[in-house]
Amino acid sequence: MALNNFADRLIEAIEDKKNPAIVGLDPDFSKIPGFLKKKHSTKHGKTFEAVALTTFDFNSQIIEAVKKIVPAVKLQAAFYEQYGWWGVWAMEETAKAAAAAKLVVLIDGKRNDIGNTSQAYADGFLGKVDVFGEKKRSFDADALTVNAYLGSDSVMPFTKVCKEDGSGIFVLVKTSNPSSSELQDLEVNGKKVYEIMAENVNKWGQEVIGERGYSSIGAVVGATFPEQAKALRKLMPKAIFLVPGYGAQGGGADDVVPCFNEDGRGAIVNSSRGIIFAYQNKGNDEKFALFAKEAAEQMKEDLNASLKKAGIHL
(Lines give C-alpha, C1' and ligand atoms only; values in the text may rest on other atoms or scores of the structure.)
Protein backbone atom coordinates (compact mmCIF):
# COMPACT_ATOMS: atom_id res chain seq x y z
CA MET A 1 0.00 0.00 0.00
CA ALA A 2 1.47 3.32 -1.06
CA LEU A 3 2.08 5.82 1.71
CA ASN A 4 -0.25 8.54 0.50
CA ASN A 5 -3.71 9.75 1.39
CA PHE A 6 -6.32 6.98 1.42
CA ALA A 7 -9.13 9.23 0.19
CA ASP A 8 -7.06 10.33 -2.81
CA ARG A 9 -6.23 6.73 -3.60
CA LEU A 10 -9.87 5.65 -3.40
CA ILE A 11 -11.13 8.56 -5.52
CA GLU A 12 -8.52 7.78 -8.17
CA ALA A 13 -9.71 4.15 -8.27
CA ILE A 14 -13.36 5.25 -8.55
CA GLU A 15 -12.54 7.59 -11.42
CA ASP A 16 -10.48 4.93 -13.17
CA LYS A 17 -13.43 2.49 -13.15
CA LYS A 18 -16.07 5.23 -13.46
CA ASN A 19 -17.87 3.37 -10.74
CA PRO A 20 -18.63 4.08 -7.04
CA ALA A 21 -19.87 0.50 -6.44
CA ILE A 22 -17.80 -1.97 -4.45
CA VAL A 23 -18.18 -5.71 -3.89
CA GLY A 24 -18.55 -7.18 -0.43
CA LEU A 25 -16.68 -10.47 -0.09
CA ASP A 26 -18.92 -12.01 2.56
CA PRO A 27 -18.38 -15.71 1.82
CA ASP A 28 -21.29 -17.34 3.67
CA PHE A 29 -20.08 -20.94 3.41
CA SER A 30 -23.61 -22.34 3.11
CA LYS A 31 -24.07 -20.38 -0.14
CA ILE A 32 -20.75 -21.20 -1.84
CA PRO A 33 -21.29 -23.52 -4.83
CA GLY A 34 -21.26 -27.21 -3.95
CA PHE A 35 -18.73 -28.18 -6.62
CA LEU A 36 -16.09 -25.97 -4.95
CA LYS A 37 -16.79 -27.51 -1.56
CA LYS A 38 -16.47 -30.99 -3.02
CA LYS A 39 -13.21 -30.09 -4.75
CA HIS A 40 -11.48 -29.18 -1.49
CA SER A 41 -13.22 -31.53 0.94
CA THR A 42 -12.32 -34.51 -1.25
CA LYS A 43 -8.65 -33.70 -0.74
CA HIS A 44 -8.66 -32.26 2.79
CA GLY A 45 -11.74 -33.81 4.38
CA LYS A 46 -14.50 -31.99 6.22
CA THR A 47 -12.01 -29.73 7.98
CA PHE A 48 -11.43 -26.06 8.72
CA GLU A 49 -8.62 -26.18 6.19
CA ALA A 50 -11.02 -27.31 3.47
CA VAL A 51 -13.43 -24.50 4.39
CA ALA A 52 -10.63 -21.94 4.14
CA LEU A 53 -9.36 -23.26 0.82
CA THR A 54 -12.89 -23.33 -0.58
CA THR A 55 -13.49 -19.77 0.60
CA PHE A 56 -10.25 -18.49 -0.90
CA ASP A 57 -10.92 -20.30 -4.18
CA PHE A 58 -14.38 -18.72 -4.35
CA ASN A 59 -13.09 -15.25 -3.48
CA SER A 60 -10.21 -15.46 -5.96
CA GLN A 61 -12.60 -16.17 -8.82
CA ILE A 62 -14.91 -13.33 -7.78
CA ILE A 63 -11.95 -10.93 -7.62
CA GLU A 64 -10.80 -11.97 -11.08
CA ALA A 65 -14.33 -11.47 -12.43
CA VAL A 66 -14.92 -7.97 -11.02
CA LYS A 67 -11.44 -6.42 -10.89
CA LYS A 68 -11.95 -4.37 -14.05
CA ILE A 69 -15.40 -3.19 -12.99
CA VAL A 70 -15.18 -2.07 -9.35
CA PRO A 71 -12.60 0.06 -7.53
CA ALA A 72 -12.63 -1.83 -4.24
CA VAL A 73 -13.71 -4.87 -2.27
CA LYS A 74 -14.88 -5.12 1.33
CA LEU A 75 -14.13 -8.18 3.44
CA GLN A 76 -16.58 -8.79 6.29
CA ALA A 77 -14.28 -10.20 8.97
CA ALA A 78 -16.96 -12.26 10.73
CA PHE A 79 -17.37 -14.64 7.80
CA TYR A 80 -13.66 -15.48 8.09
CA GLU A 81 -12.97 -15.29 11.81
CA GLN A 82 -15.78 -17.70 12.66
CA TYR A 83 -13.50 -20.46 11.35
CA GLY A 84 -10.60 -19.58 13.62
CA TRP A 85 -7.01 -19.66 12.40
CA TRP A 86 -7.86 -21.07 8.99
CA GLY A 87 -10.56 -18.45 8.49
CA VAL A 88 -8.12 -15.64 9.27
CA TRP A 89 -5.71 -17.24 6.78
CA ALA A 90 -8.44 -17.06 4.11
CA MET A 91 -9.08 -13.39 4.93
CA GLU A 92 -5.38 -12.54 4.77
CA GLU A 93 -4.91 -14.37 1.46
CA THR A 94 -8.05 -12.79 0.02
CA ALA A 95 -6.76 -9.33 0.96
CA LYS A 96 -3.44 -10.13 -0.72
CA ALA A 97 -5.18 -11.32 -3.88
CA ALA A 98 -7.37 -8.21 -4.04
CA ALA A 99 -4.36 -5.92 -3.51
CA ALA A 100 -2.47 -7.79 -6.24
CA ALA A 101 -5.45 -7.13 -8.54
CA LYS A 102 -4.96 -3.42 -7.79
CA LEU A 103 -8.22 -3.13 -5.87
CA VAL A 104 -8.61 -0.97 -2.78
CA VAL A 105 -9.13 -3.32 0.18
CA LEU A 106 -11.53 -2.57 3.04
CA ILE A 107 -11.93 -4.82 6.06
CA ASP A 108 -15.30 -4.57 7.75
CA GLY A 109 -14.44 -5.48 11.33
CA LYS A 110 -16.12 -2.64 13.27
CA ARG A 111 -13.19 -2.70 15.66
CA ASN A 112 -12.53 -0.54 18.68
CA ASP A 113 -11.44 -0.51 22.28
CA ILE A 114 -9.45 1.88 24.46
CA GLY A 115 -5.79 2.61 25.10
CA ASN A 116 -3.18 0.15 23.90
CA THR A 117 -5.87 -2.34 22.83
CA SER A 118 -7.26 0.17 20.35
CA GLN A 119 -3.70 0.85 19.20
CA ALA A 120 -3.20 -2.88 18.62
CA TYR A 121 -6.28 -3.02 16.40
CA ALA A 122 -5.10 0.03 14.46
CA ASP A 123 -1.57 -1.32 14.00
CA GLY A 124 -2.72 -4.85 13.22
CA PHE A 125 -5.23 -4.00 10.51
CA LEU A 126 -3.88 -0.73 9.10
CA GLY A 127 -0.36 -0.05 10.26
CA LYS A 128 2.63 -2.16 11.21
CA VAL A 129 3.34 -4.48 14.12
CA ASP A 130 6.52 -5.42 15.98
CA VAL A 131 8.09 -8.63 14.70
CA PHE A 132 11.26 -9.15 16.74
CA GLY A 133 12.15 -5.49 16.57
CA GLU A 134 11.19 -5.06 12.92
CA LYS A 135 7.97 -3.33 11.83
CA LYS A 136 5.86 -5.34 9.40
CA ARG A 137 2.32 -5.25 7.99
CA SER A 138 -0.11 -8.00 8.97
CA PHE A 139 -2.87 -7.37 6.40
CA ASP A 140 -2.97 -5.87 2.91
CA ALA A 141 -5.80 -3.57 3.97
CA ASP A 142 -6.31 0.05 2.99
CA ALA A 143 -9.17 0.79 5.38
CA LEU A 144 -11.13 -0.57 8.33
CA THR A 145 -14.60 0.06 9.72
CA VAL A 146 -14.54 1.41 13.27
CA ASN A 147 -17.18 1.66 16.00
CA ALA A 148 -16.53 5.03 17.61
CA TYR A 149 -19.31 4.90 20.19
CA LEU A 150 -16.67 4.41 22.90
CA GLY A 151 -15.63 8.03 22.44
CA SER A 152 -12.83 10.06 20.90
CA ASP A 153 -9.94 8.55 22.85
CA SER A 154 -10.76 5.18 21.32
CA VAL A 155 -10.54 6.64 17.81
CA MET A 156 -7.26 8.51 18.13
CA PRO A 157 -5.01 5.45 17.56
CA PHE A 158 -6.82 4.84 14.26
CA THR A 159 -6.60 8.44 13.08
CA LYS A 160 -2.89 8.45 14.00
CA VAL A 161 -2.28 5.40 11.80
CA CYS A 162 -4.31 7.00 9.00
CA LYS A 163 -2.04 10.01 9.13
CA GLU A 164 1.23 8.08 9.36
CA ASP A 165 0.53 5.11 7.06
CA GLY A 166 -1.88 6.45 4.46
CA SER A 167 -4.72 4.26 5.71
CA GLY A 168 -8.40 5.06 6.11
CA ILE A 169 -11.27 4.31 8.47
CA PHE A 170 -15.04 4.36 8.11
CA VAL A 171 -16.76 5.29 11.36
CA LEU A 172 -20.24 3.93 12.14
CA VAL A 173 -22.63 6.89 12.01
CA LYS A 174 -26.06 5.76 10.78
CA THR A 175 -26.14 2.03 10.15
CA SER A 176 -28.48 0.20 7.78
CA ASN A 177 -30.11 -2.24 10.22
CA PRO A 178 -33.77 -1.58 11.16
CA SER A 179 -33.14 -1.27 14.92
CA SER A 180 -30.35 1.31 14.54
CA SER A 181 -32.92 3.94 15.55
CA GLU A 182 -33.10 2.50 19.08
CA LEU A 183 -29.87 4.31 19.94
CA GLN A 184 -28.71 6.33 16.96
CA ASP A 185 -31.96 8.31 16.60
CA LEU A 186 -32.22 9.35 20.25
CA GLU A 187 -31.99 13.08 20.90
CA VAL A 188 -29.37 14.67 23.14
CA ASN A 189 -29.48 18.45 23.59
CA GLY A 190 -31.66 18.81 20.52
CA LYS A 191 -29.53 16.63 18.25
CA LYS A 192 -29.82 13.04 17.13
CA VAL A 193 -27.03 10.79 18.39
CA TYR A 194 -26.01 10.00 14.80
CA GLU A 195 -25.75 13.75 14.10
CA ILE A 196 -23.42 14.17 17.07
CA MET A 197 -21.31 11.30 15.77
CA ALA A 198 -21.26 12.93 12.33
CA GLU A 199 -19.96 16.17 13.82
CA ASN A 200 -17.18 14.21 15.51
CA VAL A 201 -16.26 12.44 12.28
CA ASN A 202 -16.07 15.78 10.52
CA LYS A 203 -13.79 17.11 13.27
CA TRP A 204 -11.54 14.03 13.41
CA GLY A 205 -11.12 14.06 9.65
CA GLN A 206 -9.70 17.56 9.29
CA GLU A 207 -6.06 16.47 9.68
CA VAL A 208 -6.15 13.86 6.93
CA ILE A 209 -7.80 15.69 4.03
CA GLY A 210 -6.15 14.79 0.74
CA GLU A 211 -5.41 16.76 -2.39
CA ARG A 212 -8.84 15.90 -3.79
CA GLY A 213 -10.57 17.58 -0.85
CA TYR A 214 -11.79 14.47 0.94
CA SER A 215 -10.75 13.01 4.26
CA SER A 216 -9.37 9.56 5.02
CA ILE A 217 -11.81 9.46 7.96
CA GLY A 218 -15.05 8.36 6.35
CA ALA A 219 -18.50 7.38 7.62
CA VAL A 220 -20.79 4.37 7.41
CA VAL A 221 -24.23 5.61 6.31
CA GLY A 222 -26.86 3.04 5.37
CA ALA A 223 -28.63 3.08 2.01
CA THR A 224 -31.87 2.29 3.85
CA PHE A 225 -32.06 5.81 5.32
CA PRO A 226 -31.90 8.27 2.37
CA GLU A 227 -33.52 11.17 4.23
CA GLN A 228 -30.99 11.00 7.06
CA ALA A 229 -28.22 10.74 4.48
CA LYS A 230 -29.16 14.18 3.11
CA ALA A 231 -28.61 15.78 6.50
CA LEU A 232 -25.44 13.81 7.14
CA ARG A 233 -23.97 14.85 3.80
CA LYS A 234 -24.17 18.46 4.97
CA LEU A 235 -22.64 17.65 8.37
CA MET A 236 -19.73 15.73 6.82
CA PRO A 237 -18.99 17.45 3.49
CA LYS A 238 -15.44 16.11 3.27
CA ALA A 239 -16.10 12.54 4.43
CA ILE A 240 -16.46 9.62 2.06
CA PHE A 241 -19.55 7.58 2.90
CA LEU A 242 -19.36 3.80 2.90
CA VAL A 243 -22.94 2.87 2.06
CA PRO A 244 -24.15 -0.62 3.02
CA GLY A 245 -27.73 -1.83 2.66
CA TYR A 246 -27.85 -1.83 -1.15
CA GLY A 247 -29.67 -4.66 -2.87
CA ALA A 248 -30.41 -7.55 -0.51
CA GLN A 249 -31.09 -5.20 2.42
CA GLY A 250 -33.56 -3.13 0.44
CA GLY A 251 -31.65 -0.04 -0.66
CA GLY A 252 -31.83 0.90 -4.34
CA ALA A 253 -29.81 3.10 -6.68
CA ASP A 254 -32.06 6.12 -6.16
CA ASP A 255 -31.81 5.74 -2.38
CA VAL A 256 -28.03 6.26 -2.33
CA VAL A 257 -27.97 9.46 -4.39
CA PRO A 258 -28.17 11.71 -1.26
CA CYS A 259 -24.90 10.17 -0.06
CA PHE A 260 -23.00 11.85 -2.91
CA ASN A 261 -21.82 15.42 -3.23
CA GLU A 262 -22.64 17.47 -6.30
CA ASP A 263 -19.18 16.72 -7.71
CA GLY A 264 -20.14 13.05 -7.97
CA ARG A 265 -17.72 12.14 -5.22
CA GLY A 266 -18.06 11.32 -1.56
CA ALA A 267 -19.54 7.81 -1.50
CA ILE A 268 -18.91 4.16 -2.26
CA VAL A 269 -21.85 1.78 -2.34
CA ASN A 270 -21.43 -1.82 -1.22
CA SER A 271 -23.28 -4.88 -2.45
CA SER A 272 -22.36 -8.31 -1.15
CA ARG A 273 -24.94 -11.08 -1.53
CA GLY A 274 -26.52 -9.49 -4.59
CA ILE A 275 -23.26 -9.86 -6.50
CA ILE A 276 -21.25 -12.77 -5.16
CA PHE A 277 -24.27 -15.09 -4.92
CA ALA A 278 -26.05 -13.86 -8.05
CA TYR A 279 -25.66 -17.35 -9.49
CA GLN A 280 -28.38 -18.65 -7.13
CA ASN A 281 -31.06 -17.16 -9.36
CA LYS A 282 -29.51 -18.55 -12.55
CA GLY A 283 -29.46 -22.30 -12.00
CA ASN A 284 -25.81 -22.82 -12.93
CA ASP A 285 -23.41 -22.73 -10.00
CA GLU A 286 -20.31 -23.45 -12.09
CA LYS A 287 -20.71 -20.03 -13.74
CA PHE A 288 -20.94 -18.18 -10.41
CA ALA A 289 -18.08 -15.83 -11.28
CA LEU A 290 -19.63 -14.88 -14.62
CA PHE A 291 -22.96 -14.10 -12.97
CA ALA A 292 -21.14 -12.03 -10.32
CA LYS A 293 -19.49 -10.06 -13.10
CA GLU A 294 -22.83 -9.43 -14.77
CA ALA A 295 -24.39 -8.33 -11.46
CA ALA A 296 -21.49 -5.95 -10.80
CA GLU A 297 -21.86 -4.45 -14.28
CA GLN A 298 -25.60 -4.01 -13.73
CA MET A 299 -25.04 -2.28 -10.39
CA LYS A 300 -22.55 0.10 -12.00
CA GLU A 301 -25.06 0.89 -14.74
CA ASP A 302 -27.91 1.43 -12.26
CA LEU A 303 -25.89 3.72 -9.99
CA ASN A 304 -24.61 5.84 -12.84
CA ALA A 305 -28.13 6.15 -14.26
CA SER A 306 -29.55 7.31 -10.92
CA LEU A 307 -26.72 9.79 -10.39
CA LYS A 308 -27.11 11.14 -13.92
CA LYS A 309 -30.86 11.54 -13.39
CA ALA A 310 -30.04 13.64 -10.32
CA GLY A 311 -27.65 15.80 -12.35
CA ILE A 312 -24.55 14.19 -10.85
CA HIS A 313 -21.82 12.89 -13.16
CA LEU A 314 -18.81 10.81 -12.17
Side-chain angles (χ1 to χ4, degrees), residues 1-16 20-22 71-72 74 104-112 118-119 121-123 125-127 141-175 184 191 194-223 228-244 256-270 312 314:
M1 182 181 66
L3 290 178
N4 56 9
N5 182 275
F6 165 73
D8 288 343
R9 206 160 61 247
L10 180 58
I11 290 170
E12 182 179 334
I14 293 168
E15 290 179 343
D16 180 55
I22 70 171
K74 179 173 74 69
V104 176
V105 180
L106 285 58
I107 293 183
D108 192 353
K110 300 178 178 67
R111 293 303 199 269
N112 211 346
S118 186
Q119 188 67 57
Y121 277 136
D123 291 340
F125 281 99
L126 300 175
D142 294 277
L144 175 72
T145 57
V146 169
N147 182 351
Y149 280 95
L150 280 75
S152 60
D153 64 331
S154 69
V155 180
M156 292 306 104
F158 294 96
T159 59
K160 181 174 179 284
V161 170
C162 289
K163 194 172 182 180
E164 294 177 352
D165 287 79
S167 304
I169 61 172
F170 290 95
V171 177
L172 302 185
V173 174
K174 179 59 179 168
T175 57
Q184 296 165 20
K191 296 179 182 178
Y194 67 78
E195 292 174 329
I196 296 171
M197 182 59 74
E199 291 173 349
N200 281 325
V201 169
N202 187 60
K203 179 176 64 178
W204 296 331
Q206 295 304 311
E207 292 187 17
V208 281
I209 294 174
E211 294 178 3
R212 302 299 301 274
Y214 285 88
S215 174
S216 293
I217 312 299
V220 177
V221 178
Q228 289 89 335
K230 289 180 183 179
L232 290 171
R233 187 71 274 175
K234 293 177 182 178
L235 290 172
M236 299 178 287
K238 298 182 184 301
I240 296 175
F241 288 12
L242 168 59
V243 187
V256 304
V257 170
C259 295
F260 290 82
N261 277 321
E262 291 181 359
D263 63 359
R265 306 289 173 261
I268 50 174
V269 184
N270 178 79
I312 299 172
L314 288 177

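Sequence positions, counted from 1, serve as the residue numbers for this chain.
In plain terms, the two heavy atoms of D8 and E211 that are nearest each other are OD2-N, 2.9 Å. Summarising the geometry of M236 relative to N202, their closest heavy-atom pair is CA-OD1, 4.0 Å, with the distance given to 0.1 Å. Counting all heavy atoms, side chain and backbone alike, P71 lies closest to A21 at CD-O, 3.0 Å. Heavy atoms only, all atoms of each residue included: S167 and S216 are closest at O-CB, 3.6 Å. For the pair K230 and P258, the tightest heavy-atom approach, listed with the atom from each and the gap, is CG-CB, 3.5 Å. Among all heavy-atom pairs drawn from G222 and V243, the shortest one is C-CG1, 4.1 Å.
How far CG of D123 is from CD of E164: 9.0 Å, rounded to the nearest 0.5 Å. Here CG of L232 is found 10.0 Å from CD of E199. Values are rounded to the nearest 0.5 Å. For the atom pair CG of L172 and CG of D108, the computed distance is 8.0 Å after rounding to the nearest 0.5 Å.
Screening F170, Y121, F158 for a side chain to side chain contact (heavy atoms under 4.5 Å, CB included) involving V146 leaves a single residue, F158. Under the side chain to side chain contact (heavy atoms under 4.5 Å, CB included) test applied with K74, the options I268, I107, L106 reduce to a single match, L106.
With contacts defined as side-chain heavy-atom distances shorter than 4.5 Å, the pair Y149/Q184 qualifies. In this structure, the side chains of W204 and M156 come closer than 4.5 Å at one or more pairs of heavy atoms. Side-chain contact between I217 and C162: present, with at least one pair of heavy atoms (C-beta onward) separated by less than 4.5 Å.
One N or O on the side chain of N112 and one on the backbone of N147 form a donor-acceptor pair closer than 3.5 Å. Within the 3.5 Å criterion, the main-chain N or O of K110 finds a donor-acceptor partner in the side chain of T145. Distance alone, capped at 3.5 Å, is enough to place a donor-acceptor pair between the N5 side chain and the V208 backbone.
Other residues, nucleotides and ligands contribute more than 12 heavy atoms inside 6.0 Å of the CD atom of Q206. For E12, the CD atom is loosely surrounded, since the number of other residues' heavy atoms within 6.0 Å does not exceed 12. By the 6.0 Å contact criterion, CD on E207 is open, its count of non-hydrogen atoms from other residues, nucleotides or ligands being 12 or less.
In this view, I11 and E15, R212, Y214, I240, R265 satisfy the side chain to side chain contact (heavy atoms under 4.5 Å, CB included) rule, not counting sequence neighbours.
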- prompt: V155 and I169: side chain to side chain contact (heavy atoms under 4.5 Å, CB included), yes or no, with the steps?
  reply: CA-CA 10 Å; V155 180; I169 61 172; 4.2 Å; yes

